[in-house]
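To start, the structure under review is shown below, and the notes come after it.
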Amino acid sequence: MNEKTLSALLEQTVHDVTAEPTVAAVAWERARQQSRRAQIATVSAAGLAALVATLLVAMPDTEQRSTPPVTSPTSPTTQQTSVSISPQPTTARGYLRQLIAVMQEPWNNAAFETLPLLETALPATLSPGDPDAPSLSEDPVTAVVAVATSWKLGYTDLDVRVLGDDQRWRRLDLPGVSTGRSVLGPISPDGTKLVLTRPDALDVVDLTTGLSRRFDIPGFSLRAGDDIASQWTPDGRQVVVSLKRLVQWNPSPGWLVDVSTGETGKVPYDAAVSAFSPDGRVVQIDGGRECAFCELKTYRDDELVDQVRLNTGLLVNAAPVIDEALVVVSRPVASDVGVLSHPKNKPGLLVLDPDTHEPRAFLPVPGPGWHNAEDVDLHGWLDEDTVVFSTTEYVDRGDRFVGHELFVAWNYRTGSLSRLSEDPYDDFDVSLVVQRL
Amino acid sequence: MDLSEEALDSFSGWVGQRRDALLRTAFLLTGDRGRAEDLLQDALVKVARRWGRLRDGNPDGYVRQIIYHSQVSWWRSKREIPVAEPYDVDARTSDSSDRGLIVQQALARLTAKQRAVIVLRYLDDATEREAARVLGVSVGTVKSQTAAALRRLREEAPELGELIGREGDPV
């Protein structure tokens, strides 16, 4: 056997094998953490260093291997489009290392009271359920900063409260609108309009005047059990509505409604899991409870222009928002080992670079043992560095446990956390209009 | 562990120069990209923890020792070694990616130590003495393992022999 050609052949075989540029930084960080763990080993074996060591030694071999570029089959919603799926940036294990390298100290509900209060348009405590709250028609607002919907089940009238930028709650009267038949959507970025999805149309309610305008959407029909989602575009001029049939897993195409012109049209992405960018991009996150990985699909002018598969595992709780970064609620794919294996520690806020998809920051947000990633609510960007989220701790009130929702501002660059507000009552589901805070 | 910025800079500089070569070695040793990345990462962590002492010494030799020993240990610890399915290509007409698969399949038929000596000698250009030092065996063992590995490749991976023979033919 020719030894020189064996050398050449080996070199040819690995010619394209290159290491991640971050390998040194990740190794250094791991070494630093291991060193720190060694120093505190007599105190506790469950520190962050243990996480790193345990993860890398004991992680099950569940990663998706890197594959050469392939052409994706066209999706039902983009039948005319064929887009190359980018190779996975790294394996699941490699991605988890990146995640660990940018991971911050896990959020702790107990520390909420000790955080500095960030002055915003929110009161320190949210109490939307005041029975004597005035009607919005009697006490108009210039803009709304939060909306609260009652938890009552069954076909009852919706009890909706809005919080003005004067920190006072009003009752929003929506005659003829009952739970189960109509779905309340988000408030526009400027805090003046509210989306209400009816079985066959979309209503946009002007919160400053109380008047509503109806938009008929050809082909749109809401049935019992359908999962509906709507979202405003960043400029507040359009609403995207998507629905998922009870018996049909794949999302139906969404509909876009221009609330200034009344024009409607179909869009290929799902409003429930899409992030809208001010520059016109829309990133759809195809993840889910059963997904070991997810795909980020980028649309521009309703055309699929990029598709990348990430080994991050479950990415849920949509309404992610793009600014200079994409933030999602996530659960790492390899969360069944190490510190992240603890059920309390699974979900977290993950900030991704919208172009390279590399993780910039990861904040684990623990919850009670039965919690999962859906229980962290992401409300949006307060500024280009600060994300607003809420998490719930369950408090024993004697006769029942009630959810005590904590609203927090997280600067993902510095890791600093601030207290925004809290809702101690669990009677209403509160959403924030972060742009107005 | 020396946590100074200066130490980090010198470590990063060293890794920047070596990382691709080390990953290539690890890839040929393991035949698996993910496992190779793990192997490299674990080795670099160990180097980083000793960087204060290694930086002025021989970090190259140390990291290679770790990679080779870790792979051999890992291989020993596995009860079942997956055997790659024969790759159905004609070596004479195959392109570079096919040739790469043929090489990987051929290496998969070797024992961990045989594989290690082949990679050390023919990819890393290590002398018999250097290979012996890295693997912690005698020069005689390197010689015998190399001979056994080449014989096995010739007998059990004829497609590789054909490829090498074809490429080595005079024009």
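So that the names make sense, note that chain A is the first sequence line, chain B the second, and so on, each numbered from 1. Because the structure is a prediction, the values reported are computed rather than measured. Computed from heavy atoms alone, side chains included, the values below leave out hydrogens, waters and symmetry copies.
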**OP:** Return the minimal non-hydrogen interatomic distance between A:Ala24 and B:Phe11, and the atom names on each side.
**Re:** O-CE2, 3.5 Å
Original post:
What is the minimum heavy-atom distance between B:Asp20 and A:Thr18, and which atoms define it?
Top reply: OD1-CA, 3.4 Å
Original post:
Are A:Val17 and B:Leu28 side-chain neighbours, meaning at least one heavy-atom pair lies under 4.5 Å?
Top reply: no
**OP:** Find the distance between CG (A:Leu10) and OH (B:Tyr122) and round it off to the nearest 0.5 Å.
**Re:** 9.5 Å
Original post:
Taking C-beta and beyond as the side chain, do B:Leu44 and A:Val26 meet within less than 4.5 Å on heavy atoms?
Top reply: no
Original post:
Would you call B:Leu107 and A:Thr13 a side-chain contact if the rule is heavy atoms closer than 4.5 Å?
Top reply: no
**OP:** Under 4.5 Å, counting heavy-atom pairs only, tell me which of B:Ala7, B:Gly16, B:Ala21, B:Ala36 racks up the most with chain A.
**Re:** B:Ala7
Subject >> Leading residue by heavy atom contact count with chain A [cutoff under 4.5 Å; candidates B:Leu8, B:Leu23, B:Val119] >> reply: B:Leu8
Original post:
For B:Trp14, is it the side chain, the backbone, both, or neither that has a heavy atom closer than 4.5 Å to a heavy atom of chain A?
Top reply: neither
**OP:** Measure across B:Ala48 and A:Ala27 and return the closest heavy-atom pair with its distance rounded to 0.1 Å.
**Re:** CB-O, 4.3 Å
Original post:
Which heavy atom of B:Arg19 sits nearest a heavy atom of A:Glu20, and at what distance?
Top reply: CD-O, 3.9 Å
Subject >> Structural part of B:Ala43 lying under 4.5 Å from a heavy atom of chain A >> reply: neither
